[in-house]
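Reading through the structure tokens given below for one structure.
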Amino acid sequence: DAGITQSPRHKVTETGTPVTLRCHQTENHRYMYWYRQDPGHGLRLIHYSYGVKDTDKGEVSDGYSVSRSKTEDFLLTLESATSSQTSVYFCAIRGQDYTEAFFGQGTRLTVV
Amino acid sequence: DAKTTQPTSMDCAEGRAANLPCNHSTISGNEYVYWYRQIHSQGPQYIIHGLKNNETNEMASLIITEDRKSSTLILPHATLRDTAVYYCIVINRGGANSKLTFGKGITLSVRP
């Protein structure tokens, strides 16, 4: 399996609190992605990164920010969590020469 | 990246071939067709990809029409473990900051 780890795997938080999810890779891949998955919506891209300090918005970026200060880590932050951000979050990585993408195991976030 | 269109769902009998269609009528010359699948609650998994020639690997075959506007993923002998959501996506392989977006995919149900 590709070296990609998401943490935490499960989290329950209260509305209005900040939350940071971490995606860590050991593959030295250039590209990293954050998705959310909700029933009836499939996988929706939140933000992605094409290099250290290089990030861009996806389809559903409102309410989320990201940072990538080093190749191996891509952080997703919910500045003030809302119940609509309750979801399963997946991180993915892929290499420079378009290899296939590898996905993490997912983080189940519940905002109460 | 070009958009793709897939039926919402389909089923097939165990042991029979499953043929999953995908329409990508706006595909451009340097865009590849990739297929992934997602088994319940897990991260998506790469299956196969192609540019214009048919491709086969240990998991599946990919048939791309001559005009490249559609493709079919073939699982030659479907098993119950193949029940999953299958995503067809189109990627500009040379695109430095390709977003890697997924639609809702097609839900394949394999019946005993």
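Reminder, nothing fancy here: chain letters follow the sequence lines and each chain counts from 1.
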Can you get from B:Y34 to B:I74 by hopping between Ile, Leu, Val, Met, Phe, Trp and Tyr side chains that sit under 4.5 Å apart?
no
Let me know if A:L43 has heavy atoms under 4.5 Å from chain B in its side chain, its backbone, both or neither.
both
Turns out that what part of A:E59 lies under 4.5 Å from chain B's heavy atoms comes down to side chain
Counting only heavy atoms not in B:R16 (residues, nucleotides, ligands), do more than 12 fall under 6.0 Å from its CZ?
no
Could you see if B:V33 belongs to whatever hydrophobic cluster contains B:I63? Use Ile, Leu, Val, Met, Phe, Trp, Tyr and a side-chain cutoff under 4.5 Å.
no
With ring-ring contact (aromatic ring centres under 6.0 Å, His included) as the criterion, how do A:F103 and B:Y87 come out once you've worked through the C-alpha distance, each side chain's angles and the decisive distance to 0.1 Å?
CA-CA 14 Å; A:F103 284 78; B:Y87 298 95; 8.7 Å; no
Interatomic spacing from NZ in B:K104 to CZ in A:R44 - rounded to 0.5 Å:
9.0 Å
Report yes if the distance between the aromatic ring centroids of A:Y35 and B:Y36 is under 6.0 Å, otherwise no.
no
Looking at CZ of A:F90 and CD of B:Q38, how far apart are the two atoms once the value is rounded to the nearest 0.5 Å?
5.0 Å
Identify which of A:G40, A:G51, A:S49 forms the greatest number of heavy-atom pairs closer than 4.5 Å to chain B.
A:G40
Roughly how far apart are A:E100 CD and B:I48 CD1, rounded to 0.5 Å?
11.5 Å
Is there a path of hydrophobic side-chain contacts, each under 4.5 Å between heavy atoms, that joins A:L21 and A:V112?
no
With a 4.5 Å cut-off on side-chain heavy-atom distances among I, L, V, M, F, W and Y, is there a chain of contacts connecting B:Y46 to A:L45?
yes
Give the cluster check for A:L78 versus A:L75: same hydrophobic cluster or not, with ILVMFWY residues linked at side-chain heavy-atom distances below 4.5 Å.
no
